[in-house]
Structure formats: structure tokens, C-alpha cells
Amino acid sequence: MQLSEQELVRREKLAKLRALDINPYPADLFPVNHTSKQVKDKYEDGKKVIIAGRLMRKKIQGKASFGEIQDSEGRIQVYFNRDEICPGDDKSKYNELFKKLLDLGDFIGIEGELFTTQVGEITINIKDFKLLSKALKPLPLPKTDSDGNTYDEFNDPEMRYRQRYADLVVNPHVKEVFVKRTKLFNAMRNFFNDAGYFEVETPILQPIPGGAAARPFITHHNSLDIPLYMRIANELYLKRLIVGGFDGVYEFSKNFRNEGMDRTHNPEFTAMEIYVSYKDYNWMMDFCEQLLEHCAIAVNGTTEATFGEHNINFKAPYARVTMADSIKHFTGFDITGKTEDEIRQTAKDMNIEVDETMGKGKLIDEIFGEKCEGNYIQPTFITDYPKEMSPLCKEHRENPELTERFELMVCGKEIANAYSELNDPIDQRERFEHQLKLAEKGDDEATEFIDHDFLRALEYGMPPTSGMGIGMDRLIMFLTNNQSIQEVLFFPQMRPERKQVEMTEEEKTVFEILKSNSPIDLNNLKSQSGLSNKKWDKTIKGLTSKKVAKVLKNDDGLFVEII
RNA sequence: GACUAGUUAGCUCAGUUGGCAGAGCAUCUCCCUUUUAAGGAGAGGGUCCUGGGUUCGAGCCCCAGACUGGUCACCA
């Protein structure tokens, strides 16, 4: 492990602290009684406070210094005065411990009294402080001036995602996104609980992955000696609970899909699904718009939100458009009563890529996706989807080609999907079988499964039920104006970092020669190694930087010596 | 998967025609008792993403690869 100069310096300081009998990682509780925010909100001149946090600014001015402590709520300025901290003759706590051995990023605990500086900043006059935890790695140090300009911002996405801990420490706006994320979950949970619905948990490891068309992750259970799939959706389990007699159940579910990754897809993501008995999709639309209005206010204090160039308003009610009307509106083509071939030809005429594996529903979905979807900026319910692409949804009460389904579109993206749930077990079995045929028709190797246990549950009888799923990650992207899902996940999936090798093969070879013959003439060693010029240069520089060898120059020439 | 941009000090970034590796902040040393990204003086700090090639000489040119971002496609 190669350490930078600054890391080495901090390790030396660690040793010095121990030599002074100061434990850099003490175990004892520190009796914090204020946060930085409480200090500012409840300011009283001369008030005694005890706070703790990271030292994030250290400006030494001789016998007194200013610093800044960052805790979970923000930052507060602190004032280190030598004679306050060291009232006696021994000034070492200020001169040594504070000035020389404390670094930015260290956790310290502080006891002091509040005052306001001449420039009007609330500050803690430190009476005593204690090192609580030493930081061995320097944090990035973004700075902001009084005009709001930032300097040295820690902004490389790769590093921010890989080292989210550092990102959170130095970028308060990043932390704010995750605070809002949790507010969203709490608001939604409260809304459901107030409505009398019941939060449940269902299996993540499933013998049959159901409830969506997606490629699952497969794992293996050793004792049972069977494959298990990580869930792609929780729909079929929640409906089993409606069969079991709950009026309303919901779950925030981590789902896993073994598919591509991009700025809107992470292999694991969070969906919320809710099922309410004796309701239909019309009721669910009302419920959905009330819910989102409530959530937007809980998160941002307003129903309005900015997303990129768009201003969106989550205030209910939202426009409702059937899919057929939407396609008619944006293309002039009326899909009602048309055959599969007519629709395929129309799609081709619109220059939409289609192939023979696509059924009628898929073709309609392609046309909608290509020509309509992107136009819905304000929250809009698209209703009445073709039957073929909705195998878990009840047939439309007025048109057997359609289903009672809606999706909520915002900024051209789907954020909610809901049905009047199919509860006819015979129809459901036929739809599953039809899906199986579609999967066989397409060359996609993703196998479809028929969940016979789910059908058995339906055969016991499920009350009329409406269900809805909401993509939580996408919703929070809209509410925090982030274009990338990685920005709203603490730890987005990343390719593994490349491991640093201790010593390359070439370095080992040269080191072996050196071990039996040191010091040795540099050119002699080079020819013995048999390396190319460039490779030799890299190798010898590698060895010297690792401090296992050094190059000596004297009157007789250049020599390499083992250290 | 395709296209495209990037990878240089702890952080943010320069780097000219191929000729000693640069700046600001951070770090280290010294001075400074109410400062506001920013006091003064001095010093140290580099696997220029990796591997190969061209060349007397490569951060720079050529080839291959890695990782990341963006756009598109695929996938919900």
C-alpha cells in the first residue's frame, strides 16, 4: 500500500499522540448536549455548550485560532484561544495538540461558551477540547466564498459514487438529496398508514420470479439444492395477502433485475407496491394523485418541482387520457378495431422498428413509446392499455381488447403503474399460458414461468382489488431534480476497483537479482533483467518509490542498492 | 452494444512543435489573540490510468486494453 506524503504525516502524528499518552480513538462516551444547529437556533451569549464533530477549518493566527466543526446538522465556528484552553503555564495542549497534531477531518469534542465575533458570526469560545477520532486520510476540501462560488469542488462522479462517505462529508447538497429521499418514504408510509393499510414484507429469494417481465438474478440454495431467484417484483405475493384477508397491503420492495445499467437503471432498485381490496383503477387514480401531492409537499414544501428544463406541478387532479386517444392525438391513427397486421404496417409507415415477434399489444406500446410518451410533461394518467401487454390486469369492463390499467407519466417517464387486478383464476391461467407462447415466439431466452401457487391462491377467491406500483428512485429523481439514478442511491452499483499489486512480476524479478547481489552496477542489473528500456525505467522507478531499492551515484558510476 | 469525452500532486485543473512535470487550495517549517473561499515568508509533494510501439528522447504521436461520464440503442 503506497501512502501519500499527507497520509504518512498523519500516521506520524498518530504515533506522537500515543507517545503523549493521548488515545486517538478513545472508547468513552462524549456528553454532547447541542448540535451546531441548536447552537445557532437557541443562541444566548455566554451559554455553555458541549458539541462534537469533524474539524473542517483550521485557521491559526498565532496564540488564537478559528476553526469550524461539522456535525450532522451543519457547521459551527469555534475559537481556540491559547490561554483559555491552557490557563496554567503548560501551553502544550494548544501549541502541540491543537496546532500540530490535529488535522482537518479529525473528530473532536468541545466544551465552550457562546459569543459573537466582531464580524457577527456565532462562535464557541473553547474552554476544553478532546480528540475523539483521528482521520488518517485527508478529505477533499471544497470551499465556498460569500458569493456562493465554489472552489475545488469534489465533483468527479466516479469518485463520489465509489467513496460516498467522503461525498456526504464534503457536499451538503448531496446529503440533502438523501434526507429528502427518506422524507419521501416516511410521507408515503404515513399516508398509507393513515388510510388504514398494512405494511408487510414478502420474500426476496423466490423459487419463481414473477410479477414482471425481466431477467432475474439466479442464486442457489445449498440445503434445498434448488435455484432461487432474487425478486423482480413483489406483486404476486402481495395479492396472496389480499386473498388472505387484508384490506390493504403495501411494501417498499428492493427489486433486482439482471439487465443493463445506465443513468436510469441500477441492478437493484426500490419500488413501492400497494393493493387495496374492493377498489378499482378509477379509485386508484384519485388515490395516486392525492398521494403524490402529499409526498411532494412533505419533501419540498410545495407541489411544484423543477426537473431539468421542466417545471412540474404535483397538485391534484391530473389529466387522464386513454392510450387510444393519445395515439390518435399524436399520430392521427385510430387503433380501435384494427388487426395486428394493420397496426404493424402503420408502425412501419411511422418508421418505427418492428419485427414479426411483436404481438398487437407490443406494437401499440411501441407506437405509444415512440410518438406519445415523451410529450407528457405534467403528471398525466394514461389509461386502458391493450390486453396483451398486461397479463395481470383485469379486462376492461367496456372493451374486451383493453385492460383497466393506468400509468402515470411525468416528464415523459413512467413513475406509477396500476390495475384493476385480475382475480379470475381461469382467465389468469390462460393469460399466463398466452405469455408463455409470446415468450416462445420471441427468441429472447428469458424464460417465462407459471406460478401455480399464485393461481391456487386466486382459486380460493380474491376480492376485487386495485394495485399500484411506484418507482421510488425515479420519483425521488423528479423531486430532487437529479437526472441520474446514481445520484439518489447511496451506493450505486459500480464495476469493482482494480486491485493494486504489491509488486509487479518485473519488479519481483529485478528484486531477486538485487537480493543476491547488492549493490550492483545499474547497467549490469538492467542487462541481467532483460527488460526493454521503457519497462526497465518503470520497474526501477517502481522499486525506488516502494523504498525497497535505491540508486546511488558516485565517481565509479550508477549503482543500485537494496534498502 | 454503438458513438463520444475524459483519466496528470490529497482536491480542482493547466501542460505550447515530442526536449528538466506546472498552478491554486491542501500539507510541512517560521511569524501572527475576534478571522470569513483568500494574513505574511519559505519548503516538500508525481505509477502523467495500464500494457506495447515509434523515437536519441513520449504526459504529448501510434496500437491494444481498463475505468468513468455523456448521448443513443436494448431493457422496464
Side-chain angles (χ1 to χ4, degrees), chain A residues 2-10 12-13 57-68 75 77-85 94 99-100 103-105 115-121 123 125 135-162 166 170 211-215 232-233 255 257-265 267 269 271 353 365 369 389 407 413-415 417 444 446 469 471 474 483-484 486 492 494-498 500-501 504 506-507 532-535 537-546:
Chain A
Q2 283 277 68
L3 293 176
S4 70
E5 184 203 16
Q6 291 190 47
E7 289 171 310
L8 289 169
V9 166
R10 289 190 182 212
E12 284 162 18
K13 290 180 180 179
R57 188 165 72 94
K58 188 179 167 194
K59 185 183 174 182
I60 296 173
Q61 302 176 193
K63 298 181 185 65
S65 308
F66 284 95
E68 223 164 22
R75 292 190 181 187
Q77 178 163 271
V78 294
Y79 178 64
F80 293 84
N81 183 304
R82 188 193 66 183
D83 298 328
E84 298 271 359
I85 292 164
Y94 179 81
K99 277 173 76 174
K100 299 213 170 136
D103 286 302
L104 298 183
F115 76 108
T116 307
T117 63
Q118 288 175 2
V119 287
E121 178 133 353
T123 304
N125 186 8
L136 295 182
K137 223 173 155 56
L139 285 162
L141 269 186
K143 285 181 236 24
T144 309
D145 67 16
S146 45
D147 297 331
N149 302 313
T150 54
Y151 304 83
D152 296 343
E153 189 182 10
F154 183 54
N155 58 8
D156 178 53
E158 176 177 359
M159 267 201 282
R160 290 206 299 110
Y161 303 153
R162 286 195 194 279
V170 304
R215 193 181 308 169
I232 53 174
N255 295 341
R257 297 187 181 178
N258 203 344
E259 291 166 356
M261 291 163 58
D262 60 31
R263 72 180 201 289
T264 56
H265 295 83
F269 63 100
E353 266 187 56
D365 189 42
M389 42 188 291
E407 288 192 358
K413 293 267 170 8
E414 168 212 335
I415 62 168
N417 182 18
D444 200 9
R474 289 207 183 153
Q483 310 283 328
S484 159
Q486 292 150 319
M494 305 283 279
R495 277 204 163 71
E497 287 182 86
R498 204 158 36 89
Q500 285 199 340
V501 286
T504 65
E506 291 84 357
E507 285 169 5
S532 71
N533 283 344
K534 183 169 267 190
K535 195 77 210 180
D537 188 58
K538 284 274 179 202
T539 304
I540 193 65
K541 279 178 178 167
L543 286 172
T544 53
S545 74
K546 289 186 178 72

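In what follows, every chain begins at residue 1, and chains take the letters A, B, ... in the order their sequences are listed. Predicted, not measured: the structure shown is a model, and the values here were computed from it.
- Ranking B:rG70, B:rA38, B:rU34 by closeness to the A:R57 side chain, first place goes to B:rA38.
- For A:Y161, whose side chain is taken as the heavy atoms from C-beta onward, the closest listed nucleotide among B:rC11, B:rU27, B:rG69 is B:rG69.
- Nucleotide B:rA9: unpaired (no Watson-Crick or G-U wobble partner with both distances less than 3.5 Å).
- Where A:M159 and A:E121 meet RNA chain B, the nucleotide closest to each residue was compared, and A:M159 sits on the side nearer the 5' end.
- Spacing of P atoms, B:rG59 relative to B:rG46, comes out at 16 Å, to the nearest Å.
- Across every strand in view, B:rC3 sits in a pair with B:rG70 that passes the Watson-Crick or G-U test at under 3.5 angstrom.
- When rounded to the nearest whole Å, the span between CG of A:L3 and C1' of B:rG46 equals 15 Å.
- Between the P atoms of B:rC63 and B:rA9, the separation comes to 25 Å (whole Å).
- Between the side chain of A:Y94 and the main chain of A:A64, a donor-acceptor pair closer than 3.5 Å is present.
- Figure legend. B:rA37 is base-paired to no nucleotide; pairs are counted as Watson-Crick or G-U wobble with both atom distances under 3.5 Å.
- Rounded to an integer number of Å, the gap from CZ of A:F66 to P of B:rU33 is 12 Å.
- As a whole-Å value, the separation of A:Y79 OH from B:rU34 P is 6 Å.
- Straight-line distance between the P atoms of B:rU16 and B:rC61: roughly 9 Å, to the nearest whole Å.
- Nucleotide B:rC28 forms a Watson-Crick or G-U wobble pair with B:rG42, both donor-acceptor distances falling under 3.5 Å.
- Listed candidates were B:rC13, B:rC74, B:rU36. Nearest to the side chain of A:N155 is B:rC13.
- Residue A:E153 is in sugar-phosphate contact alone, with no base atom involved, counting any heavy-atom pair closer than 4.0 Å across all strands shown.
- Distance check: A:N258 CG to A:I232 CD1 gives 11.0 Å after rounding to the nearest 0.5 Å.
- With B:rG44, B:rU27, B:rU33 as the choices, the nucleotide that has an atom nearest any side-chain atom of A:V9 turns out to be B:rU27.
- Atom-to-atom, CE of A:M261 to C1' of B:rG69 comes out at 13 Å; the value is rounded to the nearest Å.
- Residue contacts for A:E12: at a heavy-atom cut-off of 4.0 Å it reaches no nucleic acid atom on any strand shown.
- Distance CG (A:L141) to P (B:rC11): 11 Å, rounded to an integer number of Å.
- Listed nucleotides B:rU27, B:rU68, B:rU12 differ in distance to A:M494; the shortest reach to its side chain belongs to B:rU68.
- Among all heavy-atom pairs drawn from A:A233 and A:A212, the shortest one is CB-CB, 4.1 Å.
- No side-chain donor from either of A:T123 and A:N125 sits under 3.5 Å from a side-chain acceptor of the other.
- The distance from atom CD of A:Q61 to atom P of B:rU34 is 6 Å, rounded to the nearest whole Å.
- Rounded to the nearest Å, the gap between the P atom of B:rC60 and that of B:rC75 is 41 Å.
- Picking from B:rU33, B:rC67, B:rG70 the nucleotide with the shortest atom distance to the side chain of A:R82 gives B:rU33.
- Comparing the C1' positions of B:rC62 and B:rG42 gives a spacing of 44 Å, expressed to the nearest Å.
- The partner of B:rG57 cannot be assigned: no Watson-Crick or G-U wobble pair with both contacts below 3.5 Å exists in any strand.
- Backbone-only engagement by A:R162 is indicated by non-hydrogen atom pairs under 4.0 Å involving sugar-phosphate atoms exclusively.
- Ranking B:rC32, B:rA26, B:rA73 by closeness to the A:D262 side chain, first place goes to B:rA73.
- Side-chain proximity of A:T117 to B:rG44, B:rC11, B:rU36: nearest is B:rU36.
- Of the nucleotides present, none pairs with B:rU47 by Watson-Crick or G-U wobble criteria with both distances under 3.5 Å.
- Each of A:R10 and A:R495 lies near RNA chain B, and the nucleotide nearest A:R10 is the one positioned closer to the 5' end.
- Between A:Q486 and the phosphate of B:rG69, there is a side-chain N or O to OP1/OP2 separation shorter than 4.0 Å.
- Taking the side chain of A:R263 as heavy atoms from C-beta on, and the options B:rC72, B:rU27, B:rG39, the nearest nucleotide is B:rC72.
- As rounded to the nearest Å, B:rG57 and B:rC20 have P atoms that lie 15 Å from one another.
- With P as the reference atom, B:rG24 and B:rA14 are 16 Å apart, rounded to whole Å.
- Under the Watson-Crick or G-U wobble criterion, with both distances below 3.5 Å, B:rA14 is left unpaired in every strand shown.
- Taking atom P in both B:rC3 and B:rA73, the straight-line distance is 16 Å, to the nearest Å.
- Across all strands, A:L139 comes closer than 4.0 Å to no nucleic acid atom at all (heavy-atom distances).
- OP1 or OP2 of B:rU68 has not a single side-chain nitrogen or oxygen of A:R160 nearer than 4.0 Å.
- A close approach under 4.0 Å does occur between a side-chain nitrogen or oxygen of A:K13 and OP1 or OP2 of B:rC28.
- Contact annotation for A:D83: base contact, defined as any heavy-atom pair under 4.0 Å involving a base atom.
- Among the nucleotides B:rU33, B:rA26, B:rA37, the one closest to any side-chain atom of A:D145 is B:rA37.
- Between the side chains of A:Q6 and A:S4, no donor N or O sits under 3.5 Å from an acceptor N or O.
- Computed from coordinates, the A:K137 NZ to B:rA26 C1' distance equals 14 Å when rounded to whole Å.
- Computed from coordinates, the A:D152 CG to B:rA14 C1' distance equals 14 Å when rounded to whole Å.
- With both pairing distances under 3.5 Å, B:rC75 is matched to nothing as a Watson-Crick or G-U wobble pair.
- Residue A:E68 is tested with A:K59, A:K143, A:K58, A:R57 for a salt bridge (Lys or Arg N to Asp or Glu O under 4.0 Å); the sole match is A:R57.
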